[in-house]
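Reviewing the structure listed below.
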Amino acid sequence: MQKMGIAEALRMAIRQEMARDERVFCIGEDIAIPGGWGGAFTVTLGMEKEFSHRMINTPISEAGFFGIACGAALMGMKPIADVQYADFLFCAMDQICNNIAKLRYMSGGKLNVPIVMRAPVGVTGRGSQHAQNMETFFMPLQGVKIVCPATAYDAVGLLRTAVRGQDPVMIFEHKLLYGSKGARAESGAIDGSSEIPEEDFTIPFGQAVVRRCGDDITVVGTLLMMHKCLQAAEQLQKEGISVEVIDPRSLVPFDYVTLKKSIAKTSRLMIVEESPKRSGIGAEIAATIAEEAVDLLNAPIKRIAAPDTIVPFSPPMENFYVPQVQRICNEIRQIILK
Amino acid sequence: MTKEKYSKEFLLEIYQKMVLIRQFEERVKFLFLEGVMPGTIHQCQGQEATAVGVCTALKKDDIITSTHRPHGHAIAKGVSVQSMMDELFGKLTGCCKGKGGSMHLGDLEKGMIPAIAIVGGNLPLAAGAALAFKMREEKRIAVSFIGDGATNEGIFHETLNMAALWQLPVVFVIENNLYGASTHVNLTIRTDKISERASIYKIPGITIDGNDVLEVYEASKEVAERARNGQGPTLLELVTYRITGHSRRDPCLYQPAQERAEAKKNEPIGRFGKYLVDNLYASHQQLEEIENNIEKELDVVVEAAKSAAEPKPEDALSDMFAE
Ligand SMILES: Cc1ncc(C[n+]2csc(CCOP(=O)(O)OP(=O)(O)O)c2C)c(N)n1
Ligand SMILES: [Mg+2]
């Protein structure tokens with residue numbers, strides 16, 4: 001057992017996968033420059049020393065290198081493509097949505113596209129173009145799996161599953177959870193570190209985890225929001241409100257079994273997300289539960305989300321945009337005390 | 001350095017602008033490291049001659065587009081320093097009312113579209129502005145500042161092709177500071193000069209010393225006039241060096257110490273100052289006076305920015321649509 005932050009844990013897991021499988025390689029901007037930062041958030045720091053020819057530094061060419069990763073994957077390689085900020089996925093959108101996501105299907109299942117795409121998300125004082133929680137954007141995309149590790153343990157387990165699998169997977173990582181150190185440390189960071197067991201373990205996709213047991217309400221959140229939900233649950237416990245916090249860990253596929261089991265107990269559901277409410281993750285979860293399990297509920301489903309606006313820069317507006325612990329607490333109180 | 005003869009006032013104004021950019025950046029760096037300024041920053045210390053040389057060759061109603069590293073461009077184009085500092089502090093009085101921040105500074109009234117932080121994303125905006133000028137038969141031009149790294153985005157090639165095809169009044173200025181983030185240009189581009197890429201679009205490509213402000217000015221003037229006279233776009237590569245971090249607290253360990261040391265000797269303000277003194281345009285004392293005056297001016301600007309009004313949290317909801 002060793003305690004690690006998410007950036008460090010991912011680094012360890014990627015190194016192990018590269019060591020156990022020669023087909024695995026990393027591709028991206030600034031990922032392996034001596035004296036550099038190991039990508040934007042230190043995940044691949046120093047890895048060029050160990051795997052010089054499987055750490056491929058690219059020019060700033062997202063459409064190109066995502067497409068190149070796709071071509072290599074079709075030939076049996078296993079690329080891990082790193083985009084510095086998830087917002088830049090827009091530059092690679094055609095390759096991701098038209099090629100990476102569709103080639104297996106279009107070939108009648110004859111081809112596989114085993115790509116892992118890693119993308120940092122989250123609102124962090126950088127303004128509108130370095131801020132979006134892009135997982136929401138990809139929810140409607142068919143053909144790509146989506147995972148969101150909120151802890152170092154999950155980062156390792158989910159990354160292993162992704163790399164060892166045969167399908168395209170997007171891993172959305174949160175800038176404030178990495179635990180990046182030194183010059184790359186983030187202000188406002190939250191501790192996402194975990195004890196990582198020595199032995200090889202994986203986490204299957206579509207398996208949610210109950211982060212905290214409770215009886216009064218089920219609250220669902222991923223990444224940073226999951227941690228905020230835990231903080232809210234902690235506060236509310238002192239007031240006698242018992243909150244169950246569920247971390248889906250993977251959005252596609254989604255574990256509705258665990259969620260329904262929890263709602264059967266609490267009969268209340270709240271979804272917390274960092275993106276705007278419209279067509280968000282909460283909308284999808286709420287609609288599914290309303291369709292399939294409305295009889296388990298005895299209160300309306302509540303969605304806590306960013307407002308339907310663009311991520312602003314200035315701290316007062318930014319704090320208003322991102323759902324905060326106090327807001328989550330207040331909304332839960334309102335539902336419970338009604 | 002100079003081929004033409006310039007008036008003393010003109011040269012000192014150039015010097016003043018470069019020093020203003022340098023000192024603005026140094027202030028911002030300090031405020032940021034002190035923890036009183038929010039956000040993240042990409043600064044342009046060492047690249048003052050590109051911003052000032054190019055923008056001095058432009059007219060007021062010409063348009064520029066910029067990048068994640070826009071402070072110098074904004075100052076050189078005449079965006080109010082107070083409105084920039086206010087924006088960096090996230091204040092309501094900032095040039096983007098606190099919504100943009102460092103990476104999206106700009107003020108269209110001064111001829112600067114808010115900066116675009118997606119590498120390469122600003123290129124077609126300049127070409128589009130140029131298309132508008134051409135369609136309306138206005139004698140205006142557009143300039144896109146980009147880094148060396150941006151020339152490897154597909155959008156660079158799409159934009160240059162269309163701009164060349166339609167002979168748009170636009171100038172593409174590459175500030176080649178040898179690095180895209182931590183990656184040296186030699187690791188990303190095969191040609192010796194990035195401007196060689198111009199030839200495949202059949203537009204002129206020029207590479208010059210981007211730390212010689214008068215050389216930059218003269219070249220910019222020439223290509224700006226080409227564009228203005230309907231002779232189409234130019235790719236102008238200005239070789240320079242960033243003598244500060246890529247962003248935030250970057251210690252620049254990927255830059256060889258000797259390269260950094262030499263770059264510091266070659267930085268444009270020291271060079272231009274020496275030129276002014278050697279050619280008797282100014283005394284050391286006069287230059288110092290310019291610097292001191294700017295220091296004082298910035299003291300006022302920073303204090304005003306600190307005490308300027310914050311946006312209200314709910315202001316996050318405004319400004320999305322016009323109607
Ligand atoms: C599309 C896109 N990819 C990556 C980045 C991250 N990034 C920001 S600046 C930068 C380097 C840009 O290099 P260059 O164009 O040479 O400009 P410089 O920073 O040297 O001014 C990178 C990779 C980005 N902002 N946008
Ligand atoms: Mg550069």
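Numbers restart at 1 for each chain; the letters A, B, ... are given by sequence-line order, proteins then strands. Remember, predicted model here, so these are calculated numbers, not experimental data.
Residues of residues 123-132 of chain A placed with any heavy atom under 4.5 Å of a heavy atom in chain B are listed by number as A/Gly125, A/Arg126, A/Gly127, A/Ser128, A/Gln129, A/His130. The stretch residues 237-247 of chain B places B/His246, B/Ser247 near chain A, each with some heavy atom under 4.5 Å from a heavy atom of that chain. Residues of residues 303-320 of chain A that come closer than 4.5 Å to chain B, counting heavy atoms only, are A/Pro307, A/Asp308, A/Thr309, A/Ile310, A/Pro312, A/Phe313, A/Ser314, A/Pro315, A/Pro316, A/Met317, A/Phe320, ordered by residue number. Near-neighbour residues of residues 86-97 of chain A relative to chain B, defined by a heavy atom under 4.5 Å from a heavy atom of that chain, comprise A/Phe88, A/Cys91.
Atom NZ of B/Lys312 is surrounded by 12 or fewer heavy atoms from other residues, nucleotides or ligands within 6.0 Å. Within a 6.0 Å radius of CD in B/Glu34, other residues, nucleotides and ligands contribute more than 12 heavy atoms. Few gaps surround CD on B/Glu314; more than 12 heavy atoms of other groups in view lie less than 6.0 Å from it. Heavy-atom neighbours of B/Lys29 NZ from other residues, nucleotides or ligands within 6.0 Å: above the threshold of 12. In the displayed structure, A/Arg278 atom CZ is contacted under 6.0 Å by at most 12 heavy atoms of other residues, nucleotides or ligands.
Interface residue A/Ala185: only backbone heavy atoms are found under 4.5 Å from chain B. Both the backbone and the side chain of A/Glu62 have a heavy atom closer than 4.5 Å to some heavy atom of chain B. Both the backbone and the side chain of B/Ile116 come within contact range of chain A, with heavy atoms under 4.5 Å apart.
No other option in B/Leu317, B/Val119, B/Asp315 has as many heavy-atom pairs under 4.5 Å with chain A as B/Leu317. With chain A as the partner, the residue from B/Ala316, B/Gly90, B/Ala181 showing the most heavy-atom pairs under 4.5 Å is B/Ala316. Among B/Glu310, B/Arg248, B/His68, the residue making the largest number of heavy-atom pairs under 4.5 Å with chain A is B/Arg248. Considering only heavy-atom pairs separated by less than 4.5 Å from chain A, the leading option among B/Pro251, B/Gly154, B/Gly94, B/Gly149 is B/Gly149.
When all heavy atoms of A/Gly35 and B/Leu253 are compared, the closest pair comes out as O-CB, 3.4 Å.
Atom-to-atom distance recorded for A/Ile31:CD1 and B/Thr183:OG1 is 9.5 Å, nearest 0.5 angstrom. Here the straight-line distance linking atom CD1 of A/Ile60 with atom CD1 of B/Ile155 works out to 14.0 Å at 0.5 Å rounding. In this structure, CG on B/Leu187 lies 5.5 Å from CD1 on A/Ile33, to the nearest 0.5 angstrom.
Under the 4.5 Å side-chain criterion, counting only non-hydrogen atoms from C-beta, A/Trp37 is in contact with B/Ser182.
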